[in-house]
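Below is one structure, written out as structure tokens; comments come after it.
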Protein chains: 2
Amino acid sequence: MKEKFRHAKTKVGEKSFNKIVKAGKILFAKSGYHSTSINDIIAKANVAVGTYYIYFNSKLALYHYLLDEYQEKIREAAREATQGLTTRREIEREGLKAFIMYAMKEPLAYKVIWESLFVNQDLFIDYYSRFSKSYIENLKKFKTEVREDIDLETVSFILMGIANFVGLQILFKDNPHEKDVDFVVNESMKLLDRGLFK
Amino acid sequence: MKEKFRHAKTKVGEKSFNKIVKAGKILFAKSGYHSTSINDIIAKANVAVGTYYIYFNSKLALYHYLLDEYQEKIREAAREATQGLTTRREIEREGLKAFIMYAMKEPLAYKVIWESLFVNQDLFIDYYSRFSKSYIENLKKFKTEVREDIDLETVSFILMGIANFVGLQILFKDNPHEKDVDFVVNESMKLLDRGLFK
DNA sequence: CCTGAATATGAATTAATGTTCATATTTCAC
DNA sequence: GTGAAATATGAACATTAATTCATATTCAGG
């Protein structure tokens, strides 16, 4: 494990930590992982090189940290959007919408996750494998609603594929709005209504 | 334009050119663009550095050359796999299978398209927008088979999403085989049979 | 205030790598 | 066979970038 970070133990340290994280978010999103140097990061964060290495022990470590944070945020957005809902159909709909809305608000997160395939393939595989597994567990809880004759792992990748690419469809638009999201979510649900649900 | 290559003018030169191309394919596919060095390439190709620069005037030049070659091959694979087929369902099935099989055989081709989001975002958008448009045109020809109550643009992105992510599912496996492809294609078609087709 | 721990600093180190070039060898059309 | 063009070679160059470390400063509990 080379991609480790270290929490600050002081208010001052925390400030430096946060400055580094913020700079990393902006720069990785703008220029990508390989084109962003530690130098760029510390310059933007207004911090010395040594300070960087107090909190992150490599360049990859910061990237890894951001990936985890974004994953958590996406999960959180989905959780909030679906809490209280009882039918799998409604959960799927609102989860899909929450994902696309998040991608619209934070296209950087979206980009960073996709890029991980080229930064570190293991990170990428790990990210989507974890997502798939949690998807499968959740789908299992709704046996009465979800078709039982389709492999759930495949279903999980299909649903991730739909979310990601329908998300792209929105991101390609010039000035996307919530109504655009509602539209594609609606259309997607038409397919899932007959194809996925009983 | 820095990404230029130069055809050999001799049998001997052609041999060197091909050795470089072959080495590039293997190494870029295994480690990705940034993690592969010119040194790695010439070592694998068994060629001197100077020889590399006779045929390609930069590292990017080789990558671009491979990109163009793969793009052509992808089109060809899809065309071959679906020619002669008459029902939209069969075209969709065989097109999906051909795409994943190709991605399995040439993972670089697959990676490269995703990577273009970070190399040149316009290229990426252009690629998928064009794909979507041609998908829509083709779907329109099968009004008797395809549901008419779903927006075709959304359908096109859904289908691209399924292909790409179910493809991922296969690529994540340790030693994927054709039977794995058949399996996920089958499962995907179950969803489309009820969800997309009449 | 004292003091050990935490944090900050940036020059120096180390390593990698893309590219050039002067020179040597080979090819092939004539 | 000849010679000009094509090809081959790899040491040298130039640049960039990640990481380390000795030293200085600041923090926070007692």
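A, B, ... follow the sequence lines: proteins, then strands. Residue 1 opens every chain.
Ion pairing between Glu137(A) and Lys140(A) holds under the 4.0 Å rule for side-chain N and carboxylate O.
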I'd like a table of atom pairs between the protein and nucleotides 24-29 of chain C - only N or O on both sides, under 3.5 Å - with the distance next to each one.
none

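One interatomic measurement links the two molecules: CD1 of Ile42(A) to P of dT20(D), which rounds to 15 Å at whole-angstrom precision.
With dA8(D), dT19(D), dT7(C) as the choices, the nucleotide that has an atom nearest any side-chain atom of Arg6(A) turns out to be dT7(C). Closest to the side chain of Ser37(B), from the set dT17(C), dA18(D), dT7(D), is dT17(C). Considering only side-chain atoms of Val49(A), the nucleotide from dA8(D), dA18(D), dT20(D) that sits closest is dT20(D). Picking from dT9(D), dT19(D), dG18(C) the nucleotide with the shortest atom distance to the side chain of Lys59(B) gives dG18(C). Checking dT7(C), dA8(D), dG18(C) against the side-chain heavy atoms of Ile54(A) singles out dT7(C) as nearest. Which of dT19(C), dT9(C), dT19(D) sits closest to the side chain of Tyr53(A) comes down to dT19(D).
If you find the closest nucleotide of DNA chain C to Tyr52(B) and to Ala48(A), the one lying nearer the 5' end belongs to Ala48(A).
The aromatic rings of Phe17(B) and His7(B) sit tilted, their planes meeting at an angle between 30° and 60°. Relative ring orientation between Phe56(B) and Phe5(B) is described as tilted, the plane-to-plane angle lying within the 30° to 60° band.
Applying the 6.0 Å contact sphere to CG of Asp174(A) captures no more than 12 heavy atoms from other residues, nucleotides or ligands.
Residues Ile125(B) and Phe131(B) are members of one and the same hydrophobic cluster, defined by side-chain heavy-atom contacts under 4.5 angstrom among Ile, Leu, Val, Met, Phe, Trp and Tyr.
Using a 4.0 Å heavy-atom distance criterion, Thr51(A) is classed as a base contact.
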